[in-house]
There are 2 protein chains.
Amino acid sequence: MTERRELMIGDFARRSRLPISTLRYYDRIRLLSPALVDPTTGYRRYTLEQLPAATLIARLRALGVPPASIARILTDRSTAATVLLHERQRIETQIEAGRRRLRQLDELLTDDAQSTYDVDIVTLHPREVAALPFLLPAAELEPGVTRTIARLRSALRHGGHRRTGPWGATFPVDLADNVSGFAFAPVDRIEPGDLDTAPLPAGRALTTIHRGSPATLPLAYHAVFASLDQRGACPGGPVLEEYTNLDNPNESTFTVRICLPINEPGEHPAPGH
Amino acid sequence: MTERRELMIGDFARRSRLPISTLRYYDRIRLLSPALVDPTTGYRRYTLEQLPAATLIARLRALGVPPASIARILTDRSTAATVLLHERQRIETQIEAGRRRLRQLDELLTDDAQSTYDVDIVTLHPREVAALPFLLPAAELEPGVTRTIARLRSALRHGGHRRTGPWGATFPVDLADNVSGFAFAPVDRIEPGDLDTAPLPAGRALTTIHRGSPATLPLAYHAVFASLDQRGACPGGPVLEEYTNLDNPNESTFTVRICLPINEPGEHPAPGH
DNA sequence: GCTGAGCCCTGAAGCCGGGTGAGAGTCAAG
DNA sequence: CTTGACTCTCACCCGGCTTCAGGGCTCAGC
């Protein structure tokens, strides 16, 4: 009945409360195209029937739903619930990230004596540990290591092994695009074929302990590198991180021990390289 | 002592855990420039002293602090606390916005019988009300009106006036870039010079009631416009919104009455325009 | 028929915070 | 001298639009 009632883009913009430029953009990306385009003038003609779609788009965009997802909802209404639940999850993670940032910002604000790290020099003894390798983009190192440790944990449980020390991970000092290393844990018994194992780097190493949020871990590395320069030494192998209180959800008790094997000045490079 | 120790961009990138491309970018926007640039080769030389700054930048960027704010912090350490508190507030509003979006998304998911609006035709009688004008960008209409009503509220309190009906606002139907209109409230007495007052639009009007989150208000407008088309009428003056349960923080009881003055077919346009 | 106002069109460029790639120059080791 | 790793600049890409320049269409008034 109202099918012949057509609106120029300006009328449609006022009705839908969307800017004209945005409507043209939505036409370009095929999110919402006019019912008809005059073939001679190129004028866009919208119909009243298109208004609910425009309103839905405006609502969803205001909620931050990306146009691509909205297009999926419009073309296939049956997937709407799935897509929306997915968006819901996205917003929830965003909120969680916001909370975490808030905490870290507060740390920054209250943290005055933050960068006092004591770097010691120690000798690492050779150790054979249960290990699980990973290959991760540098940007996802921290969550990826956490996941790898979780998998190692269940592997140990299945094998009936008992952990005799803190969880850890080792990987090259220089983080390339993709970091390959392994998560590890010392265990009570090593049986061939039963479990993947690996030797940990050994020899002289610089070590320091970082407490609290992993976000400030680079500061600890900075201290280690400064000490390295001071001694005129250079890195002698993959770095080693040991995590304690990993299972404790309270972030403030979380601690990381960093061990960086070194070649001291006037020394031959470590064998095996 | 270590002042002569210089790092090429690659070394500095590994130490600071920032991508080389980002370091070059930060140089371009003068957020973090190398201590020295070789005049013949153009090679950037960073010093160890710049590492803490790089680490600080990385931390703040990870928290979503924009580079411009970080630059302010770096050039003037005394403003750091101010800037950080400001960022803190920004994140808090972000989280709040996320929560609101979540609620609205849930409304979308649960809302099935959403778009049933009954549009009635009524006659508005002329009324003189206490008023406070506003001029707002269309995008900030809703919060701006809320703020204007708050100012009107305190003006009424100062003048010892008593409100005799719901808060409201009126503004043109076609939202231009800047919307000029006024917030109003009917009061018990009108005395010249005592309070700004204004007449409300009168005559025949279409009206409907919207309940719940303001985010879905456009649906109500859509229903009003559809009714307008059906009657072959056109808008006859600024639209009028009346808000009840505005003071109640519970969003689900919030209701808006929309009144759109109209010119009915075959009628002369309203006088006064 | 002409003019001007107010619509409308297209295509290109700009915004942020970088990421990516081409093509060329530099440096140290063998 | 060559090789390979490193560096440089310049320019273009992303999303989700907005804005601008340069034009065409339509209608009312004269």
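Chain letters run A, B, ... following the sequence lines, proteins first, then strands; residues in each count from 1.
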Qualifying residues under salt bridge (charged side-chain N to carboxylate O under 4.0 Å, His left out), relative to A:R72, sequence neighbours excluded: none

Under 4.0 Å, counting only non-hydrogen atoms across every strand here, what does A:S21 touch: a base, just sugar-phosphate, or nothing? base

So where does chain A start and stop touching DNA chain C, 5' to 3', when the test is distance under 4.0 Å to a non-hydrogen atom? C:dC7 to C:dT10

Could you check whether A:I20 gets within reach of a base, just the sugar-phosphate, or nothing at all, counting any heavy atom under 4.0 Å? sugar-phosphate

Short N/O separations, protein against nucleotides 20-27 of chain D, under 3.5 angstrom:
{"unit_1": "D:dG24", "atom_1": "N2", "unit_2": "A:Y43", "atom_2": "OH", "d": "2.8"}
{"unit_1": "D:dC25", "atom_1": "O4'", "unit_2": "A:Y43", "atom_2": "OH", "d": "3.3"}

Taking only residues two or more places apart in sequence or in another chain, which ones pass side chain to side chain donor-acceptor pair (under 3.5 Å) with A:R101? B:Q94

Using a cut-off of less than 4.0 Å, is there contact between a side-chain N or O of B:R44 and OP1 or OP2 of D:dT9? yes

Give me the distances for all protein-to-nucleotides 14-16 of chain D N/O pairs that come in under 3.5 Å?
{"unit_1": "D:dG16", "atom_1": "O3'", "unit_2": "A:R61", "atom_2": "NH2", "d": "3.4"}

Can you measure B:F12 atom CZ to D:dT7 atom P for me and round it to whole angstrom units? 13 Å

Tell me the ring-ring contact (aromatic ring centres under 6.0 Å, His included) pairs involving residues 54-102 of chain A, sequence neighbours left out? none

Angle, rounded to 10°, between the helical axes spanning five pairs at each terminus of the helix from C:dG1-D:dC30 to C:dG30-D:dC1? 40°

Going by side chain to side chain donor-acceptor pair (under 3.5 Å), name the residues that satisfy it together with A:S227, two or more places apart in sequence or in a different chain. A:R231

Side-chain donor/acceptor pairs under 3.5 Å, residues 20-30 of chain B, sequence neighbours excluded:
{"unit_1": "B:D27", "atom_1": "OD1", "unit_2": "B:S33", "atom_2": "OG", "d": "3.0"}
{"unit_1": "B:D27", "atom_1": "OD2", "unit_2": "B:R44", "atom_2": "NE", "d": "2.9"}

Residue pairs, two or more places apart or on separate chains, that pass ring-ring contact (aromatic ring centres under 6.0 Å, His included) and touch residues 36-58 of chain A: A:F12-A:Y46

Is it true that A:E92 and A:R88 have a side-chain N and a carboxylate O under 4.0 angstrom from each other? yes

For A:I29, report the nucleic acid contact type (base, sugar-phosphate, nothing); a contact means any heavy atom under 4.0 Å. nothing

Please identify each residue that fulfils side chain to side chain donor-acceptor pair (under 3.5 Å) with A:S78, with sequence neighbours left out. A:D76

State which residues pass side chain to side chain donor-acceptor pair (under 3.5 Å) with B:S69; sequence neighbours excluded, sorted by chain then number. B:E87

